[in-house]
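Order of the sequence lines fixes the chain letters, A, B, ..., with proteins taken first and strands second; residue numbering starts at 1 for each chain.
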Amino acid sequence: EVQLVQSGAEVKKPGESLRISCKGSGYIFTSNWINWVRQMPGKGLEWMGRIDPSDSYTDYSPSFQGHVTISADKSTSTVYLQWSSLKAPDSAMYFCARRESGRGTYHFDYWGQGTLVTVSS
Amino acid sequence: DIQMTQSPSSLSASVGDRVTITCRASQSIGKYLNWYQQKPGKAPKILIYAASSLESGVPSRFSGSGSGTDFTLTISSLQPEDIALYSCQQSYSAPRTFGQGTKVEIK
């Protein structure tokens with residue numbers, strides 16, 4: 001069974017750093033890109049960026065480029081989303097999602113359960 | 001970037017009603033259009049991919065249509081368990097933009 005399991009909720013102060021994780025299982029980890037999606041409270045979904053775990057190639061939305069870093073560790077089948085200096089507007093739910101690779105339709109077929117990040121002084 | 005515009009932003013309908021949600025892309029995306037359902041407090045779930053293909057396990061009352069720039073998600077007979085946020089997404093090019101979502105409620 002394909003699963004993406006994300007790390008738990010975080011409470012941080014502005015200016016602090018943070019890394020959240022998404023661990024894949026039940027499939028060949030390097031076969032599918034992993035995406036990160038933000039959902040601010042009461043709002044819609046925003047695509048942040050993606051990584052190809054086979055070679056760690058990344059691609060970011062212009063809205064998030066330079067503010068977050070996506071990385072992957074093939075040895076543990078884990079993808080990370082990292083901030084070096086959090087801001088209050090980073091408070092949101094963050095989802096990882098796998099991009100399907102077999103049908104060429106590129107939809108997100110499996111999602112993590114979400115990680116809630118709260119940034120408050 | 002390709003902008004995705006959904007309408008309406010919310011709707012309230014009765015059980016058994018036919019519900020239609022539209023999604024418009026700012027440029028042609030062929031059939032690279034996906035629909036997701038997100039129930040309160042849960043992660044999104046794929047309903048329809050490639051504009052009209054029903055994901056395995058999704059009830060047949062859900063259907064999708066369209067190509068190019070204009071797309072539609074239809075729920076043929078609204079059920080209480082369909083209360084959710086519905087979002088379209090283009091998978092034609094990066095950034096893989098989503099529509100702003102349509103909140104469906106029961107009247």
Side-chain angles (χ1 to χ4, degrees), chain A residues 1-7 9 20 22 24 32-52 57-68 70 92-116, chain B residues 1-10 21 23 25 29-58 62 64 67 71 73 84-105:
Chain A
E1 178 195 8
V2 174
Q3 283 193 304
L4 296 176
V5 178
Q6 297 184 228
S7 50
I20 63 175
C22 169
N32 299 76
W33 296 0
I34 295 293
N35 298 262
W36 285 99
V37 175
R38 183 176 79 174
Q39 187 170 40
M40 298 180 79
K43 301 297 185 183
L45 303 170
E46 301 173 88
W47 182 79
M48 300 176 69
R50 62 89 177 174
I51 189 165
D52 180 347
Y57 179 85
T58 54
D59 189 10
Y60 296 91
S61 165
S63 301
F64 295 92
Q65 178 87 46
H67 188 54
V68 297
I70 299 171
M93 182 71 82
Y94 293 87
F95 295 100
C96 62
R98 190 185 85 156
R99 190 197 81 160
E100 76 79 38
S101 63
R103 287 170 280 191
T105 53
Y106 309 138
H107 63 277
F108 298 170
D109 58 358
Y110 289 90
W111 293 69
Q113 82 277 20
T115 296
L116 182 63
Chain B
D1 298 2
I2 298 174
Q3 309 302 319
M4 306 300 294
T5 304
Q6 276 182 247
S7 61
S9 55
S10 66
I21 300 167
C23 180
I29 57 171
K31 299 198 81 172
Y32 287 93
L33 189 284
N34 311 304
W35 290 99
Y36 299 89
Q37 176 193 63
Q38 186 181 19
K39 295 186 177 180
K42 300 292 187 184
K45 165 189 155 184
I46 183 71
L47 285 180
I48 304 278
Y49 61 91
S52 59
S53 295
L54 192 69
E55 177 72 353
S56 176
V58 173
F62 292 94
S67 66
F71 302 87
L73 172 70
L85 179 73
Y86 293 85
S87 302
C88 63
Q89 182 216 17
Q90 62 86 11
S91 50
Y92 180 78
S93 67
R96 319 282 176 187
T97 39
F98 290 88
Q100 78 277 21
T102 296
K103 187 175 181 181
V104 173
E105 297 174 323

Engineer: Using heavy-atom distances under 4.5 Å, tell me whether Gln90(B) contacts chain A through its side chain, its backbone, both, or neither.
Structural biologist: neither
Engineer: Within the 4.5 Å heavy-atom criterion, are Ser53(B) and Thr105(A) side-chain neighbours or not?
Structural biologist: no
Engineer: What part of Tyr92(B) lies closer than 4.5 angstrom to a heavy atom of chain A: side chain, backbone, both or neither?
Structural biologist: neither
Engineer: Chain B heavy atoms under 4.5 Å from Phe108(A): which part of the residue, side chain, backbone, both or neither?
Structural biologist: both
Engineer: What's the spacing between Asn34(B) CG and Asp109(A) CG if we round to 0.5 Å?
Structural biologist: 10.5 Å
Engineer: In Å and rounded to the nearest 0.5 Å, what is the CD to OG distance from Glu100(A) to Ser91(B)?
Structural biologist: 8.0 Å
Engineer: For Gln89(B), which atoms come within 4.5 Å of any heavy atom of chain A: side chain, backbone, both, or neither?
Structural biologist: side chain
Engineer: Under 4.5 Å heavy-atom distance to chain A, tell me which part of Glu55(B) shows up: side chain, backbone, both or neither.
Structural biologist: side chain
Engineer: Between Gln6(B), Lys31(B), Gln38(B), which residue shows the highest count of heavy-atom pairs closer than 4.5 Å to chain A?
Structural biologist: Gln38(B)
Engineer: Identify the two heavy atoms, one from Gly112(A) and one from Ala43(B), that lie closest to each other, and give their separation to 0.1 Å.
Structural biologist: O-CB, 3.2 Å
Engineer: Measure distances from Lys42(B) to the heavy atoms of chain A and classify the residue's part below 4.5 Å as side chain, backbone, both or neither.
Structural biologist: backbone
Engineer: Rounded to the nearest 0.5 Å, what's the gap from CZ on Arg103(A) to OH on Tyr49(B)? Could you check?
Structural biologist: 4.0 Å
Engineer: Find the distance between CE (Met4(B)) and CG (Leu45(A)) and round it off to the nearest 0.5 Å.
Structural biologist: 13.0 Å
Engineer: Where does the angle between the aromatic ring planes of Tyr106(A) and Tyr32(B) fall among parallel (under 30°), tilted (30 to 60°) and perpendicular (over 60°)?
Structural biologist: parallel
Engineer: Over all heavy atoms of both residues, which pair between Ala94(B) and Trp47(A) is shortest? Give the atoms and the distance, please.
Structural biologist: CB-CH2, 4.2 Å
Engineer: Looking at NE2 of His107(A) and CG of Leu47(B), how far apart are the two atoms once the value is rounded to the nearest 0.5 Å?
Structural biologist: 11.0 Å
